2 protein chains.
Amino acid sequence: MVDAKGTGHRAGLDSAGVIEAALALVEAGGAEALTMRKLAAELGVATTTIYWHVGSRDELISALIGLLSQRQAEIEISGKTPRDRVMCLARHVWTSALAHRNVTALAHQVGATSLLELPLEQALARELDAAGVRGEAGRDALRAIVMCVAGFLVVAFRSDGRARAMQTQPQELWATVSDDRIDPSTIEALRTPPDLPALFETTLRAVVDTFVPE
Amino acid sequence: MVDAKGTGHRAGLDSAGVIEAALALVEAGGAEALTMRKLAAELGVATTTIYWHVGSRDELISALIGLLSQRQAEIEISGKTPRDRVMCLARHVWTSALAHRNVTALAHQVGATSLLELPLEQALARELDAAGVRGEAGRDALRAIVMCVAGFLVVAFRSDGRARAMQTQPQELWATVSDDRIDPSTIEALRTPPDLPALFETTLRAVVDTFVPE
DNA sequence: ACCTGAACACCGTTCAAGT
DNA sequence: ACCTGAACACCGTTCAAGT
C-alpha cells in the first residue's frame with residue numbers, strides 16, 4: 001500500500017501495525033479470513049515478515065484480542081443503585097460482544113474469552129464492591145453473571161455461524177420434532193426464535209437478584 | 001486392521017463405521033485429531049474412500065454429533081416435583097457435556113450445539129410441560145435454562161482447551177490485576193477457581209425458580 | 001457399488017540468506 | 001534490525017480411473 005514492493009528491505013512495519021491489520025481482517029471477514037498469507041498480502045509484505053513481528057498466529061490472535069479488549073473497556077456506566085450499575089455493565093458485555101461478533105467468536109474458538117472480557121470483569125468487580133459484595137461472594141457473583149452472559153452469546157452466535165448443513169439452528173431442529181408429551185403450543189413456540197434481549201434481561205435480573213442483595 | 005490392504009477393492013466399510021471411528025478419534029484426541037487422512041489411516045483405507053461414505057468433513061461432524069446426541073438421550077430422570085426433575089435434567093446436560101468434552105467442544109466450535117442437545121431439550125420440554133409451563137413461557141424457560149448451562153460449559157472448557165500462551169485462564173489473568181477500587185479479598189478470591197458445581201447449582205436454581213412456578 | 005492414486009489449492013512454520 | 005524466497009509438513013477436496 002505504501003511504495004515500492006518486494007525489492008528487499010524497509011517496509012516500515014511494526015508489530016502494532018500487524019495486529020491492527022489482523023484485527024481489521026477478522027472484523028471484516030471472520031476468523032477464517034485471518035491467514036498469515038492473506039495478512040501479509042494485505043500489508044504488501046512477505047509472509048515470513050509477519051512472523052518476525054508477532055511470532056506466531058496464536059500470539060497474533062492473543063494480541064488482537066487484547067487490543068479489542070482495551071477498547072471495549074472505555075465505557076460509562078449508568079444506573080442509580082449498584083444493582084442497576086451491575087446490570088448495565090452486564091448488558092454492555094452483551095452488546096459489545098454482539099457489536100464485535102467476529103472477534104468474540106474467534107476468542108471463543110481459541111478459548112480466550114476471559115482475555116477479551118478481563119477489563120469488563122474488572123469494572124464489574126468494582127461495581128460489585130460498591131454494592132458490598134466482596135471476597136468469595138464477589139467472585140461467585142462475578143462468575144455467575146459472566147457465565148450467564150456467555151451462555152446468551154453462544155446462542156446468539158449460533159444464528160450466524162457458517163451456514164452448516166441446515167440442521168443447525170434450534171428452530172429448524174424443532175421443526176422436525178413431534179412429541180405427544182409436549183403441548184403443541186410449546187412446540188409451536190420453539191419453532192420461532194425467542195425475544196433474546198427480553199429473555200436476557202429477565203434471566204440476568206434473576207441471577208443478579210440472587211447474588212447481589214439490595 | 002482387517003486384512004490385505006491397498007490391493008484395490010473391498011474394505012467392507014459403511015458410513016456407520018466411518019462415523020463411529022470418527023467419534024472415537026475425537027473422543028480420544030479432540031477436534032484437531034479428526035483429519036480425513038488420519039481417519040482413513042485408522043480404517044486402513046484410502047483418504048478418498050471416506051468421502052465416498054460421508055460426503056465431506058462437515059457432514060461427518062454433523063453425523064458424529066448426531067450419534068452422540070442419541071446416546072446421551074438415554075437417561076432416567078429423578079426428582080419428585082416437576083421442578084426437581086427439571087433441575088435433574090439440566091444437571092444431566094451439564095455432566096454429560098463434561099463427560100464428552102471433546103465432542104461438546106467440537107460441536108461448540110462448529111456451532112452445532114443445538115444439534116447435540118436437541119434430545120435433551122426435548123426431555124426438558126416434557127418436564128416443563130408436566131410442570132405446567134407451556135407455549136411461549138415454555139420456550140423461554142427452556143431457552144433460559146439451556147443458555148445458563150451453555151455458559152457454564154464455556155467456562156468449564158476454558159480450563160483444558162489447548163494451552164495457549166498462558167494468559168488464558170481467568171485466574172492467571174486476575175493474578176496480574178491490581179485495582180484499589182476492588183477489595184483485596186475479592187481479587188484474592190478471583191485468583192482461585194470457583195466451586196463450579198456449587199455455583200452451577202445455585203445459579204441454575206435461581207433461573208429455574210424464575211421460570212417455573214411451584 | 002465401492003475403492004484407488006494423483007493432483008489442486010490451500011494452510012502454519014522454519015531457516016538460511018540478504019541488506 | 002528488518003525482510004526475503006524456498007522448502008517442509010501438513011490440510012480438505014475433486015476427479016478420472018480401476019474392479
Side-chain angles (χ1 to χ4, degrees), chain A residues 1-22 25-26 29-64 106 109-112 162-165, chain B residues 1-22 25-26 29-65 106 109-112 161-165:
Chain A
M1 237 181 178
V2 208
D3 52 354
K5 61 151 186 216
T7 60
H9 47 308
R10 290 311 91 142
L13 202 58
D14 58 349
S15 59
V18 175
I19 295 164
E20 200 78 53
L25 221 49
V26 174
E32 65 188 18
L34 180 56
T35 278
M36 302 307 262
R37 285 170 160 88
K38 279 179 193 161
L39 178 57
E42 189 81 11
L43 291 165
V45 116
T47 306
T48 45
T49 303
I50 307 294
Y51 285 86
W52 196 88
H53 284 295
V54 298
S56 72
R57 186 169 188 265
D58 274 7
E59 291 174 70
L60 174 58
I61 289 176
S62 287
L64 162 179
L106 174 60
Q109 266 175 37
V110 303
R162 294 275 91 257
R164 303 182 46 66
Chain B
M1 236 181 179
V2 208
D3 52 354
K5 63 154 185 215
T7 60
H9 48 307
R10 289 311 91 138
L13 202 58
D14 59 351
S15 60
V18 175
I19 295 164
E20 200 79 53
L25 221 48
V26 174
E32 65 188 19
L34 180 56
T35 278
M36 301 307 262
R37 285 171 161 88
K38 280 180 192 160
L39 179 57
E42 190 81 10
L43 291 165
V45 117
T47 306
T48 46
T49 303
I50 306 294
Y51 285 85
W52 196 89
H53 284 295
V54 298
S56 72
R57 187 170 187 265
D58 275 6
E59 291 175 69
L60 174 58
I61 289 175
S62 288
L64 161 180
I65 291 171
L106 174 60
Q109 266 173 37
V110 303
R162 294 277 90 257
R164 304 184 45 66

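Computed from a prediction, not measured in an experiment: that's the story for all the values here.
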* Asked: Side chain of A:Arg57, backbone of A:Leu34: donor and acceptor closer than 3.5 Å?
  -> yes
* **Distance test, side-chain N/O of A:Thr47 to OP1/OP2 of D:dT4, below 4.0 Å** => no
* Taking all heavy atoms of A:Leu13 and all of A:His53, pick out the closest pair and write down the distance. => O-CE1, 3.0 Å
* **Euclidean distance for C1', C:dC15 against D:dC3 (whole angstrom)** => 13 Å
* **Distance, rounded to the nearest Å, where A:Asp58 contributes CG and C:dT13 contributes P** => 7 Å
* **A:Leu43 CG - D:dC2 C1' separation (whole Å)** => 14 Å
* Asked: Roughly how many Å is it from CD1 in A:Ile50 to P in D:dC2, rounded to a whole number?
  -> 14 Å
* Whole angstrom value for the distance that separates C1' of D:dC3 from OH of A:Tyr51 -> 15 Å
* Check every strand shown and say whether A:Gly55 touches a base, only sugar-phosphate, or nothing at a heavy-atom separation below 4.0 Å. => nothing
* Structure fact -> When every non-hydrogen atom of A:Ala21 is compared with those of A:Leu39, the smallest separation belongs to CB-CD1, 3.7 Å
* To the nearest 0.5 Å, how far apart are CG in B:Leu25 and CD in B:Glu42? -> 5.5 Å
* Take atom CG of A:Leu60 and atom C1' of C:dT13, then tell me their distance rounded to the nearest Å. => 14 Å
* Side-chain N or O of B:His53 closer than 4.0 Å to phosphate OP1/OP2 of C:dA1 -> no
* **Approximate separation, where rounding is to 0.5 Å, of B:Glu59 CD and B:Ser15 OG** => 11.0 Å
* Any side-chain heavy atom of A:Leu106 sitting closer than 4.5 Å to one from A:Leu64? -> yes
* How would DNA chain D look in dot-bracket form, 5' to 3', counting Watson-Crick and G-U wobble pairs with both distances under 3.5 Å and writing | for bases paired to another strand? -> ||.|||||...|||||.||
* What do the steps show when you test A:Ile50 against A:Leu43 for side-chain contact (heavy atoms from CB on, under 4.5 Å), and what is the final call? -> CA-CA 9 Å; A:Ile50 307 294; A:Leu43 291 165; 3.9 Å; yes
* Structure fact -> In whole angstroms, the gap separating P of D:dC2 from CH2 of A:Trp52 amounts to 4 Å
* Please name the residue in the list A:Thr49, A:Val45, A:Val54 that meets the side-chain contact (heavy atoms from CB on, under 4.5 Å) test with A:Val18. => A:Val54
* Would you indicate, yes or no, if D:dT4 has its OP1 or OP2 atom less than 4.0 angstrom from a side-chain nitrogen or oxygen of A:Thr49? => yes
* **Contact state string [nucleotides 6-11 of chain D, B base, S sugar-phosphate only, - no protein heavy atom under 4.0 Å]** => BB---B
* With B:Gln109, which residues qualify under side-chain hydrogen bond (donor to acceptor under 3.5 Å, both in side chains), at least two apart? -> none
